[in-house]
Amino acid sequence: MAEMMFWEAVRRAHDEEMERDPLVICMGEDIGVVGGTYKATTGLYDKYGPERVIDTPICENSYTGLGIGASFLGVRPIIEIMSVNFSWLALDQIANTAAKVRYMSGGQLTAPCVVRSPGGTAHQLGAQHSGRMEKVFMGIAGLRVVTPSNPRQAYGLIKSAVRCDDPVFINEHEIMYNMKGEVPDEEYFHPLEGSEVAREGRDVSLFGYNVSVHWCLQAAEILAREHGIEAEVVDLYALSPLDRAGIRRSVARTHHALIAEEAEPAVGVGAEVMAILDEECFYELDAPPVRVSAATVPIPYNHTLEKAAIPNAGDIVAAVRKMLGR
Amino acid sequence: MQRSLIRQFYRDMLLARQFEEAAAEQYRQGRIAGFLHLYPGEEAVAVGTLRAADPGDYVVSTYREHVHAMVRGIPPEAVMAELFGRAGGCSRGYGGSMHLFSPEHRFLGGYAIVGETFPVATGVGYWLRMTDSADAVLCYFGDGAVNQGTFHESLNMASLWKLPILFVCENNHYQIGTEIHRHSALAEVHRRACAYGMLGRRVDGMDVLAVYEASREALAQVRSGAGPFLLECETYRYRGHSMADPASYRSAIEVEELRARDPLASLWRKAEAAGWMTADERRAIEAEVTAAVDGAVAFAEQSPPPTELQAGVYARPLDLYRGAP
């Protein structure tokens, strides 16, 4: 088990899959000669050439659609959209073509493509580069959505996504590319469905995904150390389909639930988890479940206001203490 | 030109005309629902371009694609059954009029978002180049699609990477109800090709022989590795944009003028004058086509409906919640 950075794990997954299968290609803005804004495709251009590591023009909808069209015929494209904010421009091809073609063709055509894109608030990137779009993608029938919270998941999810016959959207995070974590030395395929218990506990379930898993882990540490509360942290790395059984299992152990998300609360991951808690865990719960979400604002540039817009571990600690009355 | 080819053009265009008129009748009777976009007037474009293509070429088309599908070899029964929403349809009843598919005929779909065919066809072209294929892809769109961003984005990439794509503009002069001079600063679509360093040409889209010849030349260019080609076919649709459109935005005189250039009638005049086709041969084709269209409707009527709602959304069924029953 070697430690590597998140971007190195992403790069390794690309490299292994491209080495294995000549029909695996990758494409995006500045991913080739430059090696990617986050270094995630460094060296691949020199190794595999310009035809398989495509530096695209800035035209998210059409180059995403190019990858999707090629995937109809057996190509396995890994399409990078430099910032998830730009993926609004590619929504037509992702939602109308990739996600629907299997169904509307009566099962005759499929779009086995991977779209990777980092989102989230990083360091004062301003309103148009701090978007969080997972809620948009997870509502699209025919599309799978996963979101890694560490290098191991990033590596294993990309590997599984490339080999999956469905289109898969991988929601990454801009601040995580330099995060270190252990990745198996041998080949590893992370499941595209399910959830992971990142920390065991008996008093409350903290559900998180992507960056909010880390807030939950920090909060669990504080709750244990300072308040004697043992929180269980559940990593919902799969957003579509969402692991309803995993949510039920955890709540059956703890009887309390909180969902932390970096996005605004309306129509989001938290709202979906709350609906599952209501519909499937109602009689297991000893207290009303709560959401810890971002403020409903475009993300401000000012550092203090930016931090105020996004929840943190302290918010989770406060919410748990209020829920448990401790 | 070969007599057999002339008769083929005539048969294809007559089948197209009669099939679409039968579809309109079935729509009026309530057997076809949703949006129905018909092709009468534009037959020479699909027939001329697709008869110039090779069987190995791929086709990406729009929501007005019944005729492209049939010229490509999808049986009229399978197209009509799809319009009826039946399991015998070429998309098993899941697609409908605007979403015909048949990979075995290399027909990669009808797409109903204007401008959506460009990126898809560009991806197919990219795959063809990656695999050193000698085949090409034909990408269809109307004049209304050329102001979408995808037109410019995709033509740029197709030309940049010299992809084997024939872009076929079916310029019928109306984007739904807005006449081309009211929606395009440059109404000569083919001239936009020069912006991307590619070749473009305009042809009389009411003349199947001219479309065929122009398509042969354009496809030879495309296959030579010279990159994509933009072929603008000037045509006209006799009906409204869809069955829901009474086409009140244009005059009866305009329609009559265009009908005088009808692609079927003008082909027959030329064929008769040149001795390419006899009246007996024409009557035989008419009888054959009428039987084919009647057969398509009969097939569609008896084809069962599809029953499976969830299968086919994903590669394997997922446990997807839909709330309480």
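By convention in this document, chain letters (A, B, ...) are assigned in the order of the sequence lines, proteins followed by strands, and residues within each chain are numbered from 1. What you see is a predicted model, and the numbers here were worked out from it, not measured in a lab.
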Just wondering, are more than 12 heavy atoms of other shown residues or ligands nearer than 6.0 Å to [atom1] in [X]?
X: B/Trp161; atom1: CH2; value: yes
X: B/Arg191; atom1: CZ; value: no
X: A/Phe189; atom1: CZ; value: yes
X: A/Gln128; atom1: CD; value: no

Considering only heavy atoms, which portion of [X] lies under 4.5 Å from any heavy atom of chain A: side chain, backbone, both, or neither?
X: B/Leu108; value: both
X: B/Met157; value: side chain
X: B/Leu309; value: both
X: B/Ala87; value: neither

Just so I understand: if I count every heavy-atom pair under 4.5 Å between each of [options] and chain B, which residue has the most?
options: A/Gly69, A/Pro112, A/Pro22, A/Pro241; result: A/Gly69
options: A/Thr97, A/Ile68, A/Leu242, A/Asp165; result: A/Thr97
options: A/Thr56, A/Thr110, A/Leu143; result: A/Leu143
options: A/Ile276, A/Ile58, A/Ile54; result: A/Ile54
options: A/Val75, A/Ile25, A/Asp92; result: A/Asp92

Select one option (side chain, backbone, both, neither) describing which atoms of [X] are under 4.5 Å from chain B's heavy atoms.
X: A/Ser71; value: neither
X: A/Pro77; value: neither
X: A/Glu272; value: neither
X: A/Arg144; value: both
X: A/Glu51; value: both

Atom pair [atom1]/[atom2] of [X] and [Y] - distance to nearest 0.5 Å:
X: B/Thr131; Y: A/Leu73; atom1: OG1; atom2: CG; answer: 8.5 Å
X: A/Leu66; Y: B/Leu163; atom1: CG; atom2: CG; answer: 7.0 Å
X: A/Asp166; Y: B/Leu318; atom1: CG; atom2: CG; answer: 7.0 Å
X: B/His99; Y: A/Leu109; atom1: NE2; atom2: CG; answer: 13.0 Å

message: Whether the side chain of B/Tyr314 engages the backbone of A/Ala141 through a donor-acceptor N/O pair (distance < 3.5 Å, no angle test) should be reported.
response: no

- A/Gln108 side chain to B/Cys90 main-chain N or O, any donor-acceptor pair under 3.5 Å? yes

Over all atoms of both residues, closest heavy-atom pair of [X] and [Y]:
X: B/Asn156; Y: A/Pro57; answer: ND2-CG, 3.7 Å
X: B/Glu116; Y: A/Gln93; answer: CG-NE2, 3.3 Å
X: A/Ser62; Y: B/Glu153; answer: OG-OE1, 2.6 Å

(Q) Classify the ring geometry of B/Tyr94 against A/Tyr103: parallel below 30°, tilted from 30° to 60°, perpendicular beyond 60°. (A) perpendicular

**OP:** Decide, yes or no, whether a salt bridge links A/Glu193 with B/Arg316 under the criterion of side-chain N to carboxylate O below 4.0 Å.
**Re:** yes

Compare all side-chain heavy atoms of B/Phe101 with those of A/Met104 and state whether any distance is below 4.5 angstrom. yes

- Message: Is there a side-chain contact (heavy atoms from CB on, under 4.5 Å) between A/Asn96 and B/Tyr111? Walk through the geometry before answering.
- Response: CA-CA 9 Å; A/Asn96 278 320; B/Tyr111 296 87; over 6 Å; no

